[in-house]
Amino acid sequence: MSIITISRGSYSRGREIAEKLAQELGYECVSREVLLEASEQFNIPETKLLLAVRDAPAILDRITRRKERYIAFVRAALARHVEKDNVVYHGFAGHVLLQGIPGVLKVRINSDTEDRIQQVTRRHNRTPQEAHKMIKEVDEKRRRWSLHLYGAEPWDANLYDMVLHTRTMSVEHTVDTILRAVKLPAFQTTSETREKLRELTRKDDAA
């Protein structure tokens with residue numbers, strides 16, 4: 001019984017890996033559903049929550065505090081969701097939102113820029129130049145938010161238990177590696193895990 005977070009850059013095969021991993025484990029695979037739950041629970045339009053977790057804060061942005069409150073609502077919804085256990089989460093910043101929760105396996109998936117560009121050109125009919133620009137813009141927004149809220153860049157290896165690269169590992173081998181790791185005692189859900197999640201829920205509900 002475990003909780004796994006999958007962090008990845010855009011178009012880095014993270015979704016595919018998360019879905020295959022959940023299928024192998026018989027776990028629930030969760031991403032944007034957490035935004036929907038937070039929207040319903042706190043009566044905030046999903047679009048506002050999406051903007052809060054997607055767009056980087058501007059310098060001296062007057063609504064930064066509001067964005068931080070919205071992110072706290074998303075964190076509360078995520079904590080409540082994963083408290084059910086047996087979950088693979090590959091949505092916004094799960095590795096940070098669940099920071100300090102024991103037993104959570106935090107995985108980072110990296111991919112070559114060229115591979116990401118090829119995926120964008122195939123999926124969205126963009127030129128390689130347009131795809132590269134799109135990827136850089138998304139990465140920069142995520143980097144600025146991560147630095148602003150947590151003081152660390154999203155690809156900082158210190159934030160994760162495992163960092164895997166699809167350049168050297170296929171999707172299947174990546175999934176197999178995570179499957180072996182999640183069996184370790186360090187990544188099993190315990191009573192302490194559940195209590196920490198309840199504390200996180202109570203704190204963020206009051207935000």
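Residue numbers run from 1 in the order of the sequence given.
- Ion pairing of E24 with K20 is absent here, as no side-chain N (NZ or NE/NH1/NH2) approaches a carboxylate O to less than 4.0 Å.
- Between C29 and A22 the shortest heavy-atom distance is CB-CB, 3.7 Å.
- Of the possible donor and acceptor atoms, one in the side chain of S170 sits under 3.5 Å from a partner among the backbone N and O of H173.
- Donor-acceptor pairing under 3.5 Å is lacking for the side chains of T177 and T174.
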Between Y11 and M134, is a side chain to side chain contact (heavy atoms under 4.5 Å, CB included) present by the stated rule, with each step listed?
-> CA-CA 11 Å; Y11 303 97; M134 176 179 167; 3.3 Å; yes
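- Under the 3.5 Å distance criterion, the side-chain polar atoms of Y27 are matched with a main-chain donor or acceptor of S2.
- Between L98 and T5, the shortest heavy-atom distance links the atoms CD1-CG2, 3.9 Å.
- Between R143 and E140 there is a salt bridge, since at least one side-chain N of the basic residue sits less than 4.0 Å from a carboxylate O of the acidic one.
- Considering all non-hydrogen atoms of both residues, A79 and L200 come closest at CB-CD2, 4.0 Å.
- Under 4.0 Å is where a charged nitrogen must lie from a carboxylate oxygen, and between R198 and E83 at least one such pair does.
- S7 contributes no side-chain N or O that, together with a main-chain N or O of H90, makes up a donor-acceptor pair within less than 3.5 Å.
- Summarising the geometry of Y89 relative to L78, their closest heavy-atom pair is CD1-CD1, 3.7 Å, with the distance given to 0.1 Å.
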Chi angles and distances behind the side-chain hydrogen bond (donor to acceptor under 3.5 Å, both in side chains) call for S111, T166 | CA-CA 5 Å; S111 181; T166 57; 3.3 Å; yes
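- Put simply, the side chain of I6 reaches to within 4.5 Å of the side chain of V88, judged on heavy atoms.
- Using a 4.5 Å cut-off on side-chain heavy atoms (C-beta onward), I17 and I178 make contact.
- Using a cutoff of 4.0 Å between basic side-chain nitrogens and carboxylate oxygens, E130 and K133 are not scored as salt-bridged.
- With a 6.0 Å radius and a threshold of 12 heavy atoms from other residues, nucleotides or ligands, K84 has its NZ atom above the threshold.
- In this structure, L105 and A181 approach most closely via the heavy-atom pair CD2-CB, 4.3 Å.
- Contact detail for I117 and I135: the closest heavy-atom pair is N-CD1, 3.7 Å.
- Listed for the Q188 side chain is a donor-acceptor partner under 3.5 Å among the backbone atoms of V182.
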Decide side chain to side chain contact (heavy atoms under 4.5 Å, CB included) for I4 and V87; before the verdict, give the C-alpha distance in whole Å, the side-chain angles of both, and the deciding distance to 0.1 Å.
-> CA-CA 6 Å; I4 305 166; V87 175; over 6 Å; no
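- The closest donor-acceptor contact from the side chain of T190 to the backbone of E192 lies under 3.5 Å.
- No donor-acceptor distance shorter than 3.5 angstrom exists from the side chain of Q99 to the backbone of H95, with no hydrogens or angles considered.
- Counting only residues at least two apart or on different chains, the salt bridge (Lys or Arg N to Asp or Glu O under 4.0 Å) pairs with a member in residues 99-119 are R13-D115, D112-R167, R116-D139.
- To the nearest 0.5 Å, atom CG of residue N110 and atom CZ of residue R8 are 12.5 Å apart.
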